[in-house]
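Here is the structure we will look at, set down as structure tokens.
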Amino acid sequence: MILSSIAVETSCHRRGLIGQRTSLMKRKFFTVVSGIALSSFVLSSCDTPTGAGAGYGAAAGAIIGGAATGNVRAASIGAAAGAAAGALIGHSIQEDRARVYGPVPPGGWPLARYTNTPGVFRSPYTGRRYDLSGVPPGGLTRDIDTGQLFRRPYGGY
């Protein structure tokens, strides 16, 4: 009688350790997947849609692969597949933009110059003032006088 109660306690005790071990593995797995996703978002600061698409695709693939199976290998396979798909989609977006705007100049699109008025910038071609408050930083605008494109600066106001 005494031996059976000891065996039951030991069995319950072992189950508790297994449950703790599984919980620890889940935390480590979540940390690894989160790290992969965060690094993908940090590294996706490329100017090209191909690079940005690859980064976002890798993050989504890592999250989906990890959530579906619960292991790191599947998360890395998902990240690789997502990066490839994202790069293909980004490349097609980049080609569509090239058809609309033409090829990107060798040094990139020139940046507008700042003025003392927030949201208002000067064209690098003619100096004409443009209200670019509705244009996101890095967005393209066409100079009315020359027909050439320029980019809103990233910093400042």
Side-chain angles (χ1 to χ4, degrees), residues 18-157:
I18 292 172
Q20 289 174 355
R21 195 175 307 150
T22 304
S23 175
L24 181 63
M25 287 177 63
K26 284 182 181 179
R27 272 190 253 141
K28 284 184 179 181
F29 173 74
F30 179 73
T31 304
V32 169
V33 170
S34 298
I36 291 170
L38 181 62
S39 65
S40 296
F41 286 122
V42 169
L43 296 175
S44 69
S45 62
C46 299
D47 270 344
T48 64
T50 303
Y56 291 130
I63 291 170
I64 292 170
T69 61
N71 63 33
V72 177
R73 182 171 184 230
S76 62
I77 292 170
L88 288 173
I89 292 169
H91 185 69
S92 67
I93 291 171
Q94 189 172 358
E95 285 181 353
D96 286 343
R97 285 185 185 172
R99 278 190 216 110
V100 173
Y101 298 120
V104 178
W109 303 109
L111 292 173
R113 295 187 304 252
Y114 291 98
T115 62
N116 291 333
T117 308
V120 177
F121 298 89
R122 290 192 180 276
S123 165
Y125 304 111
T126 61
R128 179 188 281 244
R129 294 168 56 104
Y130 289 92
D131 181 9
L132 301 179
S133 56
V135 177
L140 291 174
T141 303
R142 192 172 299 277
D143 189 311
I144 295 172
D145 299 324
T146 64
Q148 294 179 314
L149 295 169
F150 63 93
R151 201 176 282 282
R152 178 185 172 167
Y154 290 97
Y157 45 85

Fill in the blank from the handout: On a heavy-atom basis, the closest approach of Tyr125 and Leu149 is OH-O, 2.7 Å
Practice task
Looking only at non-hydrogen atoms, find the nearest pair between Gly119 and Asp131 and report the distance.
Solution key: O-OD1, 3.3 Å
Problem - Residues forming a side chain to side chain contact (heavy atoms under 4.5 Å, CB included) with Ile77, sequence neighbours excluded - result: Arg73
Exercise for the section: Applying side chain to side chain contact (heavy atoms under 4.5 Å, CB included), name anything that partners Arg128, two or more places apart in sequence or on another chain. Expected result: Thr126, Tyr130, Ile144, Asp145
Fill in the blank from the handout: The side chain to side chain contact (heavy atoms under 4.5 Å, CB included) partners of Leu111 (sequence neighbours excluded) come to Arg151
Handout entry: Residues forming a side chain to side chain contact (heavy atoms under 4.5 Å, CB included) with Thr141, sequence neighbours excluded
Key = Leu132, Val135, Phe150
Handout entry: Which atom of Pro124 lies closest to which atom of Ala112, heavy atoms considered
Key = CD-CA, 4.0 Å
Completion exercise
By side chain to side chain donor-acceptor pair (under 3.5 Å), Arg113 pairs with (sequence neighbours left out) none
Practice task
Tell me, please, which residues at least two apart from Arg122 pass salt bridge (charged side-chain N to carboxylate O under 4.0 Å, His left out).
Solution key: none
Problem - Side-chain donor/acceptor of Tyr56 to backbone N/O of Gly82, under 3.5 Å - result: no
